[in-house]
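Okay, so here's the structure we're looking at.
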Amino acid sequence: MPKQMPQDVVPSGRRSIRRIPLSLNRRIIEKEIDAEQIFKKHGNKNRGFKLGIWSAVGGAVLVLLIAAAFVFAGATVTVEPRQKIVSVDIEAVAKNFTPIGNIGVDELTYETIAVGASKTIYLQATGESKVEKKASGNIVIYNNYSSSPQRLIKNTRFETPTGLIYRIEKSVVVPGSRIENGKTIPGSLETTVFADLPGADYNIGLTDFTVPGFKGTPRYEGFYARSKTPMTGGFVGKVPTAPEDKMNEAYASVEAELKQESAQKINSQKPDTFVWYPSALLFESVKQTPISAAGSMVALTVNATSTAVVFSKSVLSRYLAAHSMSDYNQEPILVDNLGDLIFTPRFDAQTSVGDSLPLSLKGQAKLIWQFDAAKLKNDLAGKNKKDISSVIAAYRGIVRTSVVIRPFWESQFPDNPDKIKINLVLTSN
């Protein structure tokens, strides 16, 4: 009997995968599809959540930008003022004058800044000589008598409480008093005085002075003086000396150094609204009595007072415009380059403070018309942007303007003038 081939043995109740019904395969596939859809569904939810967050952030940023636009709201007005270059070639006479009210364009006035300094140089002593020297020092004279400048003649006397007399060697003009914040401020002038007689008795410290020549008149109470420096140099006796030519060279060197130092002090003290030309310097020096120094040396000391003649920029600018332009109508104006003009004094360094000072000025002056920026802000506040032309028409010193208002959709200037900024633009010519 032939052998039968073995058959697959399949345990009861178990089926091979080959015998899995098609419907079961379909159910497995369907379950896999359902899992993928569930995954996609959750993914869509996450994307929706993220989109919501970004929308919220974007909205917050937009709110902040809008808020910032209002916080930083304002306007910037760029202004080009009227400008002109003119040739200046004038001869003038400046007067020492305390401004009271408006100064006419035909008047050129000056003010002064005085500084004191002292310097000593040493030479080898070669002998001695008899000397009689008067003490000297600087005082400040006050005019509380009148609002007009007052001239004091040469040799006017100043008396100390102890009866010592000192004199000015040349006439001076003391500025008039003025009113500030309801108070009277006396005019003042610094100058040098010399003792009536030689000798050490006149070497004194700081003190007050009266003007005995005014006794019995209202001026006596209105004029007085106070020491700026002690009175020194009074001497009668023998002093060490050096060769005369060496002493003269030493004195000249010291005076040159004192002038240079004084110029530096004046530059630091001068207000920005004034201009000063270094050649406009009045210089007084007093050579003190030579004294012995260590090592058989002689000490030569010079006390000096330097007085700078300074000009108000606005006053000088208007004067130059009036004398260099045929069509100038007394508008507010400033010369942008006053320091570049060539200033030539027609007076010497020994001229008395307060005198009329002849001078000349030459060069190319750049004139810039002025306007009241604070008033312009007030005039523009609350106005519509299109109204700027009618506002600017009242300002003769302005040639053209441009405006930027923030936020960009706003067409009206801020009501608060402080939120309006004025930018000045000057042409290069």
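The first residue in the sequence is number 1, and the count goes up from there.
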I'd like to know whether [atom1] of [X] has more than 12 heavy-atom contacts from other residues, nucleotides or ligands below 6.0 angstrom.
{"X": "E221", "atom1": "CD", "answer": "no"}
{"X": "I153", "atom1": "CD1", "answer": "no"}
{"X": "N181", "atom1": "CG", "answer": "no"}

| message | Name the residue from T192, N303, T229 that meets the side-chain hydrogen bond (donor to acceptor under 3.5 Å, both in side chains) definition with N138. | response |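 Answer to the side-chain hydrogen bond (donor to acceptor under 3.5 Å, both in side chains) test with N138 among T192, N303, T229: T192.
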Quick one: which residue pairs count as a salt bridge (charged side-chain N to carboxylate O under 4.0 Å, His left out) with a foot in [range], not counting sequence neighbours?
{"range": "residues 266-285", "answer": "K170-E284"}
{"range": "residues 123-147", "answer": "none"}
{"range": "residues 137-150", "answer": "none"}
{"range": "residues 377-397", "answer": "E331-R396, K375-D379"}

| query | For T191 and T305, what are the C-alpha separation, side-chain angles and deciding distance, and is it a side-chain contact (heavy atoms from CB on, under 4.5 Å)? | reply | CA-CA 7 Å; T191 191; T305 300; over 6 Å; no
Using a 4.5 Å cut-off on heavy atoms from C-beta on, say whether the side chain of [Y] contacts that of [X].
{"X": "V93", "Y": "S356", "result": "yes"}
{"X": "V315", "Y": "T109", "result": "yes"}
{"X": "N203", "Y": "M231", "result": "no"}
{"X": "L361", "Y": "I342", "result": "no"}
{"X": "V211", "Y": "F209", "result": "no"}
{"X": "L258", "Y": "V302", "result": "yes"}
{"X": "E169", "Y": "F194", "result": "yes"}
{"X": "N423", "Y": "T76", "result": "yes"}

| task | Kindly determine whether Y328 and R318 satisfy side-chain contact (heavy atoms from CB on, under 4.5 Å), including the steps that lead there. | result | CA-CA 9 Å; Y328 178 59; R318 293 174 66 220; 3.6 Å; yes
In Å, rounded to the nearest 0.5 Å, how long is the span from [atom1] of [X] to [atom2] of [Y]?
{"X": "T112", "Y": "L282", "atom1": "OG1", "atom2": "CG", "result": "8.5 Å"}
{"X": "N155", "Y": "I165", "atom1": "CG", "atom2": "CD1", "result": "12.0 Å"}
{"X": "E190", "Y": "T307", "atom1": "CD", "atom2": "OG1", "result": "7.0 Å"}
{"X": "L380", "Y": "I392", "atom1": "CG", "atom2": "CD1", "result": "6.0 Å"}
{"X": "Y202", "Y": "T160", "atom1": "OH", "atom2": "OG1", "result": "9.0 Å"}
{"X": "I291", "Y": "L300", "atom1": "CD1", "atom2": "CG", "result": "9.5 Å"}

| query | Looking just at side-chain N and O atoms, do T207 and R226 make a donor-acceptor pair shorter than 3.5 Å? | reply |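 Checked: T207/R226 side chains show no N/O donor-acceptor pair below 3.5 Å.
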| Side-chain donor-acceptor contact under 3.5 Å, S87 with Q364 |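 Present: a donor and an acceptor within the cut-off.
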| said: Quick test of your reading: applying ring pair (Phe, Tyr, Trp, His ring centres under 6.0 Å), list the pairs with at least one residue in residues 269-302, sequence neighbours left out, ordered by first then second residue. | reply: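 Qualifying pairs: Y277-F343.
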Main-chain N/O of [Y] paired to [X] side chain as donor or acceptor, under 3.5 Å:
{"X": "E159", "Y": "R157", "answer": "no"}
{"X": "S146", "Y": "S148", "answer": "yes"}
{"X": "N416", "Y": "D418", "answer": "yes"}
{"X": "T120", "Y": "T301", "answer": "no"}
{"X": "S317", "Y": "K313", "answer": "yes"}
{"X": "Q288", "Y": "G233", "answer": "yes"}

| query | Does the side-chain contact (heavy atoms from CB on, under 4.5 Å) test come out yes or no for L316 and L338, once each step is laid out? | reply | CA-CA 9 Å; L316 181 55; L338 282 172; 3.9 Å; yes
Do you know which two heavy atoms are closest between [X] and [Y], and how far apart they sit?
{"X": "W369", "Y": "G397", "result": "CB-CA, 3.7 Å"}
{"X": "L189", "Y": "V173", "result": "CD2-O, 3.6 Å"}
{"X": "P290", "Y": "V298", "result": "CB-CG2, 3.6 Å"}
{"X": "V88", "Y": "A365", "result": "CG2-CB, 3.6 Å"}
{"X": "P240", "Y": "A125", "result": "CB-CB, 4.2 Å"}
{"X": "Y142", "Y": "A225", "result": "CD1-CA, 4.4 Å"}

For residues 247-256, tabulate all N or O donor-acceptor pairs below 3.5 Å that involve a side-chain atom, not counting sequence neighbours.
from, atom 1, to, atom 2, distance (Å)
N248, ND2, E244, O, 3.4
E255, OE2, S285, OG, 2.5

| When you look at I388 and S390, which way does the side-chain contact (heavy atoms from CB on, under 4.5 Å) test go after all the steps? | CA-CA 5 Å; I388 188 170; S390 60; over 6 Å; no
| task | Identify, with sequence neighbours excluded, every residue that meets salt bridge (Lys or Arg N to Asp or Glu O under 4.0 Å) alongside K421. | result |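 Checked K421 against salt bridge (Lys or Arg N to Asp or Glu O under 4.0 Å); zero matches.
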| With R219 via salt bridge (Lys or Arg N to Asp or Glu O under 4.0 Å) - residues at least two apart |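 Expected list: none.
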| query | Sequence neighbours excluded, which residues qualify as side chain to side chain contact (heavy atoms under 4.5 Å, CB included) partners of Q124? | reply |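 By the side chain to side chain contact (heavy atoms under 4.5 Å, CB included) rule, Q124 matches S296, M297.
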| message | Going by the rule ring pair (Phe, Tyr, Trp, His ring centres under 6.0 Å), which residues pair with F214 if we only count those two or more places apart in sequence or in a different chain? | response |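 Result, ring pair (Phe, Tyr, Trp, His ring centres under 6.0 Å) vs F214: F223.
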| said: Looking at E257 and K259, is there a salt bridge between them, counting it only when a charged N and a carboxylate O are closer than 4.0 Å? | reply: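 No salt bridge links K259 with E257.
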| Excluding sequence neighbours, so at least two apart, what forms side-chain hydrogen bond (donor to acceptor under 3.5 Å, both in side chains) with E91? |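 Listed in chain order: R346.
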| request: For R151, check side-chain hydrogen bond (donor to acceptor under 3.5 Å, both in side chains) against everything at least two apart and list the hits. | output: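 With sequence neighbours excluded, R151 shows a side-chain hydrogen bond (donor to acceptor under 3.5 Å, both in side chains) to S171, D355, given in chain and number order.
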| task | Check the pair F158 / Y224 against ring-ring contact (aromatic ring centres under 6.0 Å, His included), numbers first and verdict last. | result | CA-CA 8 Å; F158 292 86; Y224 56 93; over 10 Å; no
